Amino acid sequence: MEIVMSAVIGLIFAVAIYLMLSRNIIRVLIGTLMLSHSVHLILLTMSGLQRGAPPLLFLEAGAYSDPLPQALILTAIVINFGVTAFVSVLVYRTYKEHKTADLYDLRGAKDE
Amino acid sequence: MSNLIILPIIFPFIIGAVLIFFSKSSRAQRIISGISALLMVGISAYLAVLAFQQDTVILESGDWVAPYGIILVLDNLAALMVLITSILAASCLFFAFGTISKKREKYYFYPFYFFLIVGVNGAFLTGDIFNLFVFFEVMLLASYVLIVNGGSKYQLRESFKYVILNIFGSALFIMAIAWIYSVTGTVNMAHLSERVAEINQPGIVTVIAVMFFIVFGAKGALFPLYFWLPKSYYGPPAALAALFGGLLTKVGIYAIIRMFTLVFYHEPLFTHKGIIVTAAGFTMLLGVLGAVSQFDFKRILSYHIISQVGYMVMGLGIFTPLAVAGAIYYIVHHMFVKTALFLLAGATEKITGTTDIKAMGGLIKSQPVLTWSFFIAAISLAGIPPLSGFFSKFPIILAGFQEGQWVISAVALLVGLLTLISMMKIFGYVFWGENKLTERQNNMSVTNLLIPIAPLVAFSIILGFAAEPIFTYSLHIAEQILEPSNYVNAVLKE
């Protein structure tokens with residue numbers, strides 16, 4: 001199962017990099033979204049995909065999944081949520097001010 | 001165990017939240033933030049004394065013992081960094097009072113200023129690598145908002161690049177955490193140190209170590225990931241550029257020093273003397289060459305940040321107590337001097353209305369205090385005795401020669417010379433020469449801006465003249481962090 005997940009993560013990662021390398025500013029934004037999905041999946045996969053028991057520890061529990069990766073992913077998702085909200089606004093404002101969504105035109109002045 | 005350790009994190013957080021409610025009134029914001037910034041200096045000074053007396057103080061939040069709970073660790077290095085952070089934050093804040101525009105104040109400049117401090121202090125104090133990531137994100141999100149605050153065309157364009165690069169860096173950070181968790185099964189730094197020592201750092205852990213180095217190197221502006229820095233630090237107003245220049249890259253460097261002395265110290269020939277020293281050499285050299293080629297006040301200073309980050313990392317790379325002590329001393333010196341220089345550039349900009357050094361000239365006649373403050377800070381940066389720059393470079397380069405690292409030591413000496421050249425360039429163009437100012441500019445007074453800078457320049461002089469006790473203190477810190485068992489025993493109580 002981990003092998004399959006690794007392949008999936010690699011695919012998502014490739015999509016993310018492809019989008020981030022494109023010239024359109026919106027595509028770059030979607031690229032960062034894909035990137036964060038793939039790293040969250042890495043976090044889940046690297047700790048081993050466990051099945052069959054909840055991540056809660058009862059006193060008489062015989063088996064339980066590792067709760068830490070799930071807690072970490074939850075935190076990472078929340079952070080990513082905030083960052084994405086911010087970047088969306090930043091992209092919108094950049095588009096409004098510069099009247100372009102093409103990164104080629106956002107390279108900066110010629111003398112730099 | 002002391003609950004006070006959380007104060008540098010929670011106090012600015014509360015103040016930042018309170019300040020949001022006063023966003024309409026610039027006066028209320030100034031009073032609250034000014035008093036709180038001074039209180040922060042007091043708190044962190046007390047914590048520094050506490051750390052000095054007890055060596056390592058920890059806080060287990062909610063009484064969950066390490067390695068299960070979230071812990072905060074205050075050792076001498078963290079205490080020192082928190083103390084300097086508070087001093088810089090206070091200086092830059094008071095400088096901002098005189099320079100920041102009303103529009104920026106209204107759009108939550110002060111709240112995010114304090115949230116930035118939360119992130120920085122948190123990154124210094126945390127004893128858990130995932131929390132390090134969280135505090136990095138707190139710091140970065142605040143810095144995104146601050147760097148784009150004002151919303152000029154230039155800021156929007158350059159901050160987009162800054163934000164995207166940092167998002168990518170954070171993604172790599174989570175990946176590195178996932179890998180280290182998969183290998184060792186823990187995210188607590190002390191526990192990591194213990195477990196990596198048990199398995200004697202096999203190849204896979206070294207790969208993860210290099211991954212962490214890349215992540216922190218991107219935040220700390222190391223070769224080859226420094227290209228974002230000069231442009232993004234050019235956009236925001238001087239008070240912020242000064243705080244960013246003095247503080248943000250140093251958080252990355254602190255994280256490198258922490259990880260590579262506490263956890264990944266078993267393969268120094270490959271990681272420290274190989275990768276870190278090489279990166280340091282290129283960082284120093286290319287950074288200073290960038291500075292020599294520029295003719296803009298703020299850009300020259302930004303490129304100098306890069307070259308000086310190289311010195312700090314070089315100290316770590318050589319990896320003897322003397323070199324690490326030099327690196328710590330250098331961080332202290334750099335944070336004060338670099339912030340002072342950026343603020344002086346801001347004061348000059350306020351007078352002349354430009355940052356192009358070719359358009360300025362002859363400031364020495366109308367602004368003698370500004371000129372000599374700049375002179376002291378500039379030659380201190382270049383490393384002229386008896387100022388702090390000399391005494392912090394000296395141990396690093398001395399340790400380099402002792403360890404037979406000839407190439408890097410020669411590069412460091414050359415970079416010192418080139419630093420002096422670019423500082424002389426600024427001095428010659430801006431302060432000497434023909435007076436190009438108008439009558440109004442000549443009569444302008446910037447005393448209110450020079451007052452917050454004065455303590456920083458004074459610290460640069462004190463750090464130089466009191467080199468003996470301060471170096472002894474740095475050496476004490478270096479010996480403490482080079483013996484990871486101190487940290488591990490304090491946290492895991494073995």
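Quick note on labels: first sequence line is chain A, next is B, and so on, each numbered from 1. As the structure is a prediction and not an experimental result, all values here were calculated from the model.
Contacts of Val145(B) with chain A are made by both backbone and side-chain atoms, with heavy-atom separations under 4.5 Å. Of the atoms belonging to Tyr95(A), not a single heavy atom falls under 4.5 Å from chain B. With a threshold of 4.5 angstrom between heavy atoms, Ile17(A) approaches chain B through side-chain atoms but not through N, CA, C or O.
What you find for Val15(A) and Met34(A) is that their closest heavy atoms are CG1-CE, 4.2 Å. Nearest heavy-atom pair across Gln201(B) and Thr206(B) is NE2-OG1, 3.5 Å. The shortest heavy-atom contact between His304(B) and Ala291(B) is NE2-CB, 3.7 Å. Nearest heavy atom pair, residue Gly150(B) against residue Gln155(B), reads C-OE1, 3.7 Å. In this structure, Gly31(A) and Leu19(A) approach most closely via the heavy-atom pair CA-CB, 3.7 Å. Nearest heavy atom pair, residue Met360(B) against residue Thr354(B), reads CE-O, 3.2 Å.
Counting heavy-atom pairs under 4.5 Å between each of Tyr144(B), Phe133(B), Trp179(B), Phe130(B) and chain A puts Phe130(B) at the top. Chosen from His40(A), His98(A), Arg93(A), Met20(A), the residue pairing most often with chain B at heavy-atom distances under 4.5 Å is His98(A). Counting heavy-atom pairs closer than 4.5 Å to chain A, the top-ranked of the candidates Glu137(B), Lys153(B), Gln294(B) is Lys153(B). For the set Leu29(A), Val28(A), Val87(A), Leu44(A), the entry with the most heavy-atom pairs within less than 4.5 Å of chain B is Val28(A). Here Pro69(A) is the residue among Ser38(A), Ser36(A), Pro69(A) with the most heavy-atom pairs under 4.5 Å with chain B.
Side-chain atoms of Tyr234(B) and Thr355(B) form a donor-acceptor pair, as typed in the model, at a separation below 3.5 Å.
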Using the side chain to side chain contact (heavy atoms under 4.5 Å, CB included) rule, take Tyr303(B) and Ile306(B) through it: C-alpha gap first, then chi angles, then the decisive distance, then the call.
-> CA-CA 5 Å; Tyr303(B) 273 107; Ile306(B) 299 167; 4.0 Å; yes
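The cationic atom of Arg157(B) (NZ for Lys, CZ for Arg) does not lie both less than 6.0 Å from the six-membered ring centre of Phe160(B) and within 45° of the ring axis. Cation-pi geometry between Arg104(B) and Phe109(B) is not met at under 6.0 angstrom from the ring centre and within 45 degrees of the axis.
Residues from residues 73-81 of chain A that place a non-hydrogen atom less than 4.5 Å from a non-hydrogen atom of chain B comprise Thr75(A), Ala76(A), Ile79(A), given in numerical order. Among residues 161-177 of chain B, the residues having any heavy atom closer than 4.5 Å to a heavy atom of chain A are, in sequence order, Lys161(B), Val163(B), Ile164(B), Ile167(B), Phe168(B), Ala171(B), Ile174(B), Met175(B).
A donor-acceptor contact shorter than 3.5 Å is absent between the side chain of Ser182(B) and the backbone of Ala178(B). The backbone N or O of Leu72(B) sits nowhere less than 3.5 Å from a side-chain atom of Thr126(B) that would complete a donor-acceptor pair.
Enclosure of atom CZ in Phe295(B) by more than 12 non-hydrogen atoms of other residues, nucleotides or ligands within 6.0 angstrom is indicated.
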